[in-house]
Amino acid sequence: RDRLQASLSLAIQQLLSLGLTGVHEMGIDRSVLELYQRRIDAGQFPTRVYAFTDGAGETLDWLCKKGAYEDSSGRLAMRAVKLYIDGAMGSRGAALLADYSDESGNSGLLFMPPGDLEARFDKVLACGFQVGVHAIGDHGNRVVLDALESSIRKFPENPGRHRVEHAQTLTAEDIPRFAELDVIAAMQPTHATSDMYWVEDRLGAERVLYAYAWRSLLDSGARLALGSDFPVERVNPMLGIHAAVTRQDTDGWPPGGWYPQQKLSTEEAVRGFTLDAAYAGFMEKSVGSLESGKRADFIVLDQNIFEIEPARIANVKVLQTWLDGELVYSYP
(Lines give C-alpha, C1' and ligand atoms only; values in the text may rest on other atoms or scores of the structure.)
Protein backbone atom coordinates (compact mmCIF):
# COMPACT_ATOMS: atom_id res chain seq x y z
CA ARG A 1 0.00 0.00 0.00
CA ASP A 2 2.84 2.42 0.79
CA ARG A 3 4.45 1.71 -2.57
CA LEU A 4 1.14 2.34 -4.31
CA GLN A 5 0.75 5.68 -2.55
CA ALA A 6 4.32 6.71 -3.38
CA SER A 7 3.88 5.68 -7.02
CA LEU A 8 0.66 7.68 -7.28
CA SER A 9 2.38 10.77 -5.89
CA LEU A 10 5.21 10.44 -8.41
CA ALA A 11 2.77 9.94 -11.27
CA ILE A 12 0.74 13.01 -10.35
CA GLN A 13 3.86 15.16 -10.09
CA GLN A 14 5.00 14.00 -13.53
CA LEU A 15 1.59 14.87 -14.99
CA LEU A 16 1.67 18.33 -13.45
CA SER A 17 5.24 18.96 -14.66
CA LEU A 18 4.02 18.30 -18.22
CA GLY A 19 1.00 20.58 -17.94
CA LEU A 20 -1.71 17.98 -17.46
CA THR A 21 -4.38 19.14 -15.01
CA GLY A 22 -6.46 16.00 -15.49
CA VAL A 23 -6.64 12.64 -17.21
CA HIS A 24 -9.17 10.11 -18.43
CA GLU A 25 -8.37 6.86 -16.63
CA MET A 26 -9.28 4.05 -18.99
CA GLY A 27 -10.34 1.17 -16.78
CA ILE A 28 -10.11 0.93 -12.98
CA ASP A 29 -12.01 -0.99 -10.35
CA ARG A 30 -13.76 0.25 -7.24
CA SER A 31 -10.67 -0.19 -5.03
CA VAL A 32 -8.65 2.29 -7.11
CA LEU A 33 -11.55 4.74 -7.13
CA GLU A 34 -11.64 4.55 -3.34
CA LEU A 35 -7.86 5.08 -3.16
CA TYR A 36 -8.25 8.28 -5.17
CA GLN A 37 -11.14 9.41 -2.99
CA ARG A 38 -9.10 8.98 0.19
CA ARG A 39 -6.37 11.15 -1.31
CA ILE A 40 -8.94 13.81 -2.20
CA ASP A 41 -10.35 13.73 1.34
CA ALA A 42 -6.81 14.20 2.67
CA GLY A 43 -6.19 17.14 0.34
CA GLN A 44 -3.47 15.21 -1.51
CA PHE A 45 -4.88 14.83 -5.03
CA PRO A 46 -3.85 17.80 -7.19
CA THR A 47 -5.34 16.51 -10.44
CA ARG A 48 -8.66 15.56 -12.02
CA VAL A 49 -9.54 12.01 -12.99
CA TYR A 50 -12.45 11.06 -15.23
CA ALA A 51 -12.56 7.31 -14.66
CA PHE A 52 -13.92 4.36 -16.63
CA THR A 53 -14.76 1.02 -15.04
CA ASP A 54 -12.57 -1.86 -16.19
CA GLY A 55 -15.18 -3.80 -18.15
CA ALA A 56 -18.85 -4.42 -17.49
CA GLY A 57 -18.42 -6.47 -14.30
CA GLU A 58 -18.68 -5.90 -10.55
CA THR A 59 -17.62 -2.26 -10.55
CA LEU A 60 -20.27 -1.43 -13.16
CA ASP A 61 -22.88 -3.35 -11.14
CA TRP A 62 -21.99 -1.29 -8.06
CA LEU A 63 -21.99 1.95 -10.02
CA CYS A 64 -25.27 1.10 -11.73
CA LYS A 65 -26.99 0.75 -8.34
CA LYS A 66 -25.34 3.87 -6.94
CA GLY A 67 -25.56 6.17 -9.95
CA ALA A 68 -22.84 8.24 -11.57
CA TYR A 69 -19.95 8.95 -9.18
CA GLU A 70 -18.87 12.56 -8.88
CA ASP A 71 -16.97 14.02 -5.96
CA SER A 72 -17.97 17.55 -4.97
CA SER A 73 -14.34 18.67 -5.36
CA GLY A 74 -14.53 18.16 -9.12
CA ARG A 75 -11.39 16.02 -8.86
CA LEU A 76 -12.96 12.60 -9.44
CA ALA A 77 -15.83 11.26 -11.53
CA MET A 78 -16.87 7.87 -12.88
CA ARG A 79 -19.78 7.42 -15.25
CA ALA A 80 -18.24 5.41 -18.08
CA VAL A 81 -17.17 1.86 -18.97
CA LYS A 82 -14.09 0.69 -20.91
CA LEU A 83 -14.46 -2.31 -23.21
CA TYR A 84 -12.27 -3.96 -25.85
CA ILE A 85 -13.19 -5.46 -29.21
CA ASP A 86 -9.79 -6.29 -30.72
CA GLY A 87 -6.03 -6.33 -30.23
CA ALA A 88 -3.13 -4.17 -31.38
CA MET A 89 -1.71 -3.51 -34.84
CA GLY A 90 1.88 -4.25 -33.87
CA SER A 91 1.04 -7.81 -32.83
CA ARG A 92 -1.34 -8.27 -35.79
CA GLY A 93 -4.16 -8.70 -33.30
CA ALA A 94 -6.24 -5.77 -34.55
CA ALA A 95 -9.30 -7.14 -36.36
CA LEU A 96 -9.18 -6.35 -40.09
CA LEU A 97 -11.80 -6.89 -42.80
CA ALA A 98 -9.13 -8.53 -44.99
CA ASP A 99 -5.87 -10.30 -44.21
CA TYR A 100 -2.81 -8.42 -43.07
CA SER A 101 -0.72 -7.37 -46.05
CA ASP A 102 2.36 -8.91 -44.45
CA GLU A 103 0.74 -12.13 -43.16
CA SER A 104 -1.61 -14.02 -45.43
CA GLY A 105 -4.34 -15.94 -43.59
CA ASN A 106 -4.33 -13.64 -40.56
CA SER A 107 -6.94 -10.90 -40.23
CA GLY A 108 -6.54 -10.40 -36.49
CA LEU A 109 -9.12 -11.29 -33.88
CA LEU A 110 -12.28 -10.04 -32.26
CA PHE A 111 -12.31 -10.44 -28.49
CA MET A 112 -15.99 -11.36 -28.48
CA PRO A 113 -18.81 -11.99 -30.96
CA PRO A 114 -20.64 -8.83 -32.10
CA GLY A 115 -23.77 -9.93 -30.27
CA ASP A 116 -21.91 -10.15 -26.96
CA LEU A 117 -20.50 -6.65 -27.45
CA GLU A 118 -23.96 -5.28 -28.11
CA ALA A 119 -25.26 -6.97 -24.97
CA ARG A 120 -22.55 -5.23 -22.95
CA PHE A 121 -23.44 -1.93 -24.59
CA ASP A 122 -27.08 -2.49 -23.65
CA LYS A 123 -26.11 -3.06 -20.02
CA VAL A 124 -24.05 0.14 -19.90
CA LEU A 125 -26.56 2.30 -21.72
CA ALA A 126 -29.45 1.00 -19.59
CA CYS A 127 -27.61 2.39 -16.55
CA GLY A 128 -27.35 5.79 -18.24
CA PHE A 129 -23.58 5.60 -18.66
CA GLN A 130 -21.07 6.26 -21.41
CA VAL A 131 -19.13 3.53 -23.17
CA GLY A 132 -15.57 3.74 -24.50
CA VAL A 133 -14.44 0.86 -26.69
CA HIS A 134 -10.90 0.01 -27.78
CA ALA A 135 -11.02 -0.59 -31.53
CA ILE A 136 -7.92 -0.61 -33.74
CA GLY A 137 -8.69 -2.50 -36.95
CA ASP A 138 -11.27 -1.59 -39.60
CA HIS A 139 -13.26 -4.74 -38.74
CA GLY A 140 -13.15 -3.97 -35.02
CA ASN A 141 -14.28 -0.40 -35.64
CA ARG A 142 -17.15 -1.51 -37.87
CA VAL A 143 -18.38 -4.01 -35.28
CA VAL A 144 -18.30 -1.28 -32.63
CA LEU A 145 -20.16 1.24 -34.81
CA ASP A 146 -22.79 -1.36 -35.77
CA ALA A 147 -23.35 -2.36 -32.14
CA LEU A 148 -23.47 1.25 -30.97
CA GLU A 149 -25.98 2.14 -33.66
CA SER A 150 -28.25 -0.65 -32.46
CA SER A 151 -27.87 0.08 -28.74
CA ILE A 152 -28.32 3.84 -29.14
CA ARG A 153 -31.67 3.22 -30.84
CA LYS A 154 -32.78 1.04 -27.93
CA PHE A 155 -31.83 3.60 -25.25
CA PRO A 156 -32.68 7.05 -26.65
CA GLU A 157 -32.71 8.55 -23.14
CA ASN A 158 -29.03 7.74 -22.62
CA PRO A 159 -26.96 10.98 -22.63
CA GLY A 160 -24.58 9.53 -25.23
CA ARG A 161 -21.07 10.84 -25.94
CA HIS A 162 -19.96 7.27 -26.53
CA ARG A 163 -16.37 6.90 -27.62
CA VAL A 164 -14.28 4.70 -29.86
CA GLU A 165 -10.87 4.57 -28.24
CA HIS A 166 -8.17 4.77 -30.94
CA ALA A 167 -10.40 4.47 -34.07
CA GLN A 168 -7.08 3.71 -35.67
CA THR A 169 -7.94 2.05 -38.98
CA LEU A 170 -11.25 2.79 -40.68
CA THR A 171 -12.86 2.54 -44.09
CA ALA A 172 -14.12 5.36 -46.28
CA GLU A 173 -17.67 4.13 -45.60
CA ASP A 174 -17.32 4.15 -41.81
CA ILE A 175 -15.65 7.54 -41.34
CA PRO A 176 -18.93 9.52 -41.74
CA ARG A 177 -20.73 7.26 -39.26
CA PHE A 178 -18.96 8.85 -36.29
CA ALA A 179 -20.73 12.16 -36.90
CA GLU A 180 -23.98 10.46 -37.92
CA LEU A 181 -24.08 8.50 -34.65
CA ASP A 182 -22.59 11.37 -32.59
CA VAL A 183 -19.78 9.04 -31.51
CA ILE A 184 -16.51 10.60 -30.36
CA ALA A 185 -13.23 9.49 -31.92
CA ALA A 186 -10.85 9.35 -28.93
CA MET A 187 -7.49 9.23 -30.70
CA GLN A 188 -3.80 9.48 -29.84
CA PRO A 189 -1.68 11.42 -32.36
CA THR A 190 1.64 9.87 -31.31
CA HIS A 191 0.33 6.46 -32.34
CA ALA A 192 0.76 7.58 -35.95
CA THR A 193 4.31 8.80 -35.46
CA SER A 194 5.25 5.68 -33.49
CA ASP A 195 3.70 3.28 -36.02
CA MET A 196 4.50 5.02 -39.31
CA TYR A 197 7.79 3.16 -39.77
CA TRP A 198 6.07 -0.22 -40.17
CA VAL A 199 2.29 0.06 -40.27
CA GLU A 200 2.03 0.31 -44.06
CA ASP A 201 3.59 -3.16 -44.21
CA ARG A 202 0.66 -4.39 -42.10
CA LEU A 203 -2.09 -2.55 -43.97
CA GLY A 204 -0.87 -1.99 -47.50
CA ALA A 205 -0.98 1.22 -49.54
CA GLU A 206 -4.79 1.40 -49.83
CA ARG A 207 -5.90 0.74 -46.25
CA VAL A 208 -3.25 2.98 -44.74
CA LEU A 209 -5.01 5.98 -46.33
CA TYR A 210 -7.78 5.52 -43.76
CA ALA A 211 -5.51 4.98 -40.77
CA TYR A 212 -4.89 7.68 -38.14
CA ALA A 213 -7.35 9.70 -40.23
CA TRP A 214 -7.77 12.75 -38.00
CA ARG A 215 -8.46 15.24 -40.78
CA SER A 216 -10.94 12.98 -42.54
CA LEU A 217 -12.87 12.43 -39.32
CA LEU A 218 -12.85 16.10 -38.36
CA ASP A 219 -13.94 17.20 -41.82
CA SER A 220 -16.78 14.66 -41.74
CA GLY A 221 -18.20 16.41 -38.65
CA ALA A 222 -16.85 14.04 -36.01
CA ARG A 223 -15.52 15.28 -32.69
CA LEU A 224 -11.94 14.33 -31.78
CA ALA A 225 -10.86 13.87 -28.17
CA LEU A 226 -7.08 13.63 -28.21
CA GLY A 227 -4.77 11.98 -25.69
CA SER A 228 -1.56 10.01 -25.31
CA ASP A 229 -2.53 6.43 -24.34
CA PHE A 230 0.16 6.52 -21.66
CA PRO A 231 1.92 4.40 -20.48
CA VAL A 232 1.90 2.82 -23.96
CA GLU A 233 3.12 6.16 -25.31
CA ARG A 234 4.97 8.99 -23.58
CA VAL A 235 2.69 11.17 -21.47
CA ASN A 236 3.86 14.62 -22.64
CA PRO A 237 0.94 16.29 -24.49
CA MET A 238 3.35 18.54 -26.42
CA LEU A 239 4.50 15.41 -28.25
CA GLY A 240 0.89 14.70 -29.16
CA ILE A 241 0.24 18.22 -30.41
CA HIS A 242 3.49 18.09 -32.40
CA ALA A 243 2.51 14.75 -33.97
CA ALA A 244 -0.98 16.00 -34.85
CA VAL A 245 0.35 19.14 -36.54
CA THR A 246 3.43 17.72 -38.31
CA ARG A 247 2.84 13.96 -38.81
CA GLN A 248 6.60 13.71 -38.20
CA ASP A 249 8.86 12.32 -35.52
CA THR A 250 10.93 14.71 -33.42
CA ASP A 251 13.81 14.40 -35.91
CA GLY A 252 11.59 15.84 -38.66
CA TRP A 253 11.03 12.57 -40.52
CA PRO A 254 9.53 12.16 -43.02
CA PRO A 255 9.95 15.48 -44.82
CA GLY A 256 6.55 17.13 -45.17
CA GLY A 257 4.90 14.63 -42.84
CA TRP A 258 3.57 11.09 -43.13
CA TYR A 259 0.38 11.23 -45.23
CA PRO A 260 0.25 14.95 -44.55
CA GLN A 261 -3.31 15.30 -45.83
CA GLN A 262 -4.39 14.07 -42.37
CA LYS A 263 -2.62 16.83 -40.40
CA LEU A 264 -4.47 19.08 -37.96
CA SER A 265 -3.86 22.76 -37.36
CA THR A 266 -2.32 23.77 -34.03
CA GLU A 267 -5.67 25.22 -32.95
CA GLU A 268 -7.50 21.99 -33.80
CA ALA A 269 -4.91 19.88 -31.98
CA VAL A 270 -5.02 22.03 -28.85
CA ARG A 271 -8.82 21.93 -28.85
CA GLY A 272 -8.67 18.14 -29.08
CA PHE A 273 -6.48 18.00 -25.97
CA THR A 274 -8.56 20.57 -24.05
CA LEU A 275 -12.18 21.53 -24.70
CA ASP A 276 -13.16 18.50 -26.77
CA ALA A 277 -11.42 16.17 -24.32
CA ALA A 278 -13.44 17.87 -21.57
CA TYR A 279 -16.61 17.36 -23.61
CA ALA A 280 -15.77 13.67 -23.96
CA GLY A 281 -15.82 13.49 -20.15
CA PHE A 282 -19.00 15.59 -19.61
CA MET A 283 -16.79 18.34 -18.13
CA GLU A 284 -16.90 21.08 -20.77
CA LYS A 285 -18.94 23.41 -18.55
CA SER A 286 -16.26 23.45 -15.85
CA VAL A 287 -12.89 22.89 -17.58
CA GLY A 288 -11.31 22.75 -21.02
CA SER A 289 -11.16 26.44 -21.81
CA LEU A 290 -10.38 29.72 -20.07
CA GLU A 291 -13.82 31.27 -19.54
CA SER A 292 -15.59 33.18 -16.80
CA GLY A 293 -17.35 30.77 -14.46
CA LYS A 294 -15.11 27.79 -15.17
CA ARG A 295 -12.50 26.31 -12.87
CA ALA A 296 -9.13 28.05 -13.09
CA ASP A 297 -7.10 25.20 -14.59
CA PHE A 298 -4.34 26.59 -16.82
CA ILE A 299 -0.65 26.34 -17.64
CA VAL A 300 2.16 28.75 -18.48
CA LEU A 301 4.55 27.77 -21.30
CA ASP A 302 8.01 29.00 -22.23
CA GLN A 303 6.92 29.56 -25.85
CA ASN A 304 3.69 30.42 -27.66
CA ILE A 305 2.80 27.23 -29.51
CA PHE A 306 0.45 29.16 -31.81
CA GLU A 307 3.31 31.32 -33.10
CA ILE A 308 6.42 29.11 -33.24
CA GLU A 309 7.33 26.74 -36.04
CA PRO A 310 5.38 23.48 -35.59
CA ALA A 311 8.64 21.51 -35.44
CA ARG A 312 9.49 23.28 -32.18
CA ILE A 313 6.27 22.34 -30.37
CA ALA A 314 7.70 19.06 -29.09
CA ASN A 315 10.32 20.97 -27.09
CA VAL A 316 7.98 23.45 -25.42
CA LYS A 317 8.37 23.39 -21.63
CA VAL A 318 5.79 23.97 -18.92
CA LEU A 319 6.76 26.72 -16.47
CA GLN A 320 3.67 26.58 -14.25
CA THR A 321 0.58 24.43 -13.78
CA TRP A 322 -2.48 25.80 -11.95
CA LEU A 323 -5.45 23.79 -10.69
CA ASP A 324 -8.55 25.46 -9.26
CA GLY A 325 -6.59 28.71 -9.16
CA GLU A 326 -3.80 27.17 -7.08
CA LEU A 327 -0.20 26.84 -8.25
CA VAL A 328 0.51 23.09 -8.17
CA TYR A 329 3.72 22.98 -10.22
CA SER A 330 6.49 25.47 -10.93
CA TYR A 331 9.55 24.82 -13.07
CA PRO A 332 12.63 24.55 -10.82
Side-chain angles (χ1 to χ4, degrees), residues 23-30 32-33 49-71 76-86 95 110-168 170 173-187 217 220-225 227 276-286 288:
V23 297
H24 293 196
E25 174 105 58
M26 301 309 299
I28 60 173
D29 62 23
R30 183 177 172 183
V32 178
L33 189 77
V49 170
Y50 181 73
F52 286 63
T53 71
D54 187 11
E58 293 180 3
T59 302
L60 173 60
D61 294 339
W62 167 76
L63 199 64
C64 207
K65 292 177 184 177
K66 181 184 184 305
Y69 189 102
E70 186 167 3
D71 186 71
L76 181 61
M78 180 186 271
R79 54 172 301 159
V81 177
K82 175 70 182 293
L83 299 169
Y84 292 80
I85 190 58
D86 66 353
L110 295 174
F111 285 179
M112 65 186 80
D116 290 0
L117 181 68
E118 186 175 332
R120 284 168 170 78
F121 285 174
D122 289 350
K123 179 179 178 179
V124 176
L125 270 62
C127 292
F129 296 149
Q130 174 193 40
V131 67
V133 194
H134 165 113
I136 298 286
D138 53 10
H139 187 194
N141 276 280
R142 180 166 295 176
V143 167
V144 168
L145 291 169
D146 288 348
L148 275 174
E149 184 171 12
S150 179
S151 290
I152 288 169
R153 276 200 306 265
K154 285 181 273 187
F155 299 95
E157 72 287 351
N158 183 279
R161 305 195 191 186
H162 307 299
R163 303 163 42 154
V164 178
E165 307 300 323
H166 312 310
Q168 195 164 293
L170 304 169
E173 296 79 14
D174 284 335
I175 285 174
R177 297 179 69 194
F178 282 79
E180 291 165 5
L181 296 172
D182 200 19
V183 170
I184 296 166
M187 304 179 79
L217 281 161
S220 75
R223 191 185 299 262
L224 302 183
D276 284 346
Y279 178 89
F282 294 87
M283 300 168 71
E284 77 280 2
K285 292 183 180 179
S286 59

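Side-chain atoms are counted along with the backbone in the values below, which use heavy atoms only and exclude waters and symmetry mates. Numbering starts at 1 and runs along the sequence shown.
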V164 versus A135, closest heavy-atom pair with distance: CG1-CB, 3.9 Å

Euclidean distance, S220 OG relative to E180 CD, rounded to 0.5 Å: 8.5 Å

More than 12 heavy atoms from other groups under 6.0 Å of NZ on K285: no

Minimum heavy-atom distance G288-A278, with the two atoms named: CA-CB, 4.0 Å

Polar side chain donor-acceptor pair, R163 to H24, under 3.5 angstrom: yes

For A147 against L117, the heavy-atom pair lying closest together: CB-CD2, 4.2 Å

E70 versus Y50, side-chain donor and acceptor atoms under 3.5 Å: no

Heavy-atom side-chain proximity of L224 to D276 below 4.5 angstrom: no

Residues T59, M78; criterion side-chain contact (heavy atoms from CB on, under 4.5 Å); working and verdict: CA-CA 10 Å; T59 302; M78 180 186 271; 4.2 Å; yes

Between CG on residue D54 and CD1 on residue I28, distance to nearest 0.5 Å: 9.0 Å

Side-chain donor-acceptor contact under 3.5 Å, E118 with S150: yes

Q130 vs F282 side-chain heavy atoms within contact, under 4.5 Å: yes

Residues M112, R120; criterion side-chain contact (heavy atoms from CB on, under 4.5 Å); working and verdict: CA-CA 11 Å; M112 65 186 80; R120 284 168 170 78; 3.6 Å; yes

Full working for side-chain contact (heavy atoms from CB on, under 4.5 Å) between D138 and D174: CA-CA 9 Å; D138 53 10; D174 284 335; 5.9 Å; no

Spacing of CZ belonging to F121 relative to CG belonging to D146, to within rounding of 0.5 Å: 10.5 Å

E149 bridged to K154 by N-O distance under 4.0 Å: no

Check: V183 and F178 side chains under 4.5 Å, non-hydrogen atoms: yes

Close side-chain approach of P159 to R79, heavy-atom, < 4.5 Å: yes

Flag side-chain contact, heavy atom, 4.5 Å: I85 against V144: yes

Pair R30 + D61, salt bridge at N-O below 4.0 Å: no

Any side-chain heavy-atom pair of R142 and E173 under 4.5 Å: yes

Value rounded to 0.5 Å, distance of CD1 in I184 from OH in Y279: 6.0 Å

Minimum side-chain heavy-atom gap L217-L170 below 4.5 Å: yes

Spatial distance of atom CG (L76) from atom CG (L33) [nearest 0.5 Å]: 5.0 Å

Nearest non-hydrogen partners of A179 and A222, listed with the distance: CB-N, 3.8 Å

Stepwise side-chain hydrogen bond (donor to acceptor under 3.5 Å, both in side chains) test for S151 and D122: CA-CA 6 Å; S151 290; D122 289 350; 2.7 Å; yes

Heavy-atom pair of closest approach, residues A95 and L110: CB-CD2, 3.5 Å

Any I152 side-chain heavy atom under 4.5 Å of D182 side chain: no

K82/E25 salt bridge by N-O under 4.0 Å criterion: no

OG1-CD distance between T53 and E58, expressed to the nearest 0.5 angstrom: 11.5 Å

Pair V131-L148, side-chain contact (heavy atoms from CB on, under 4.5 Å): steps then yes or no: CA-CA 9 Å; V131 67; L148 275 174; 3.7 Å; yes

Closest heavy-atom pair and its distance - I136, D86: N-OD1, 3.0 Å

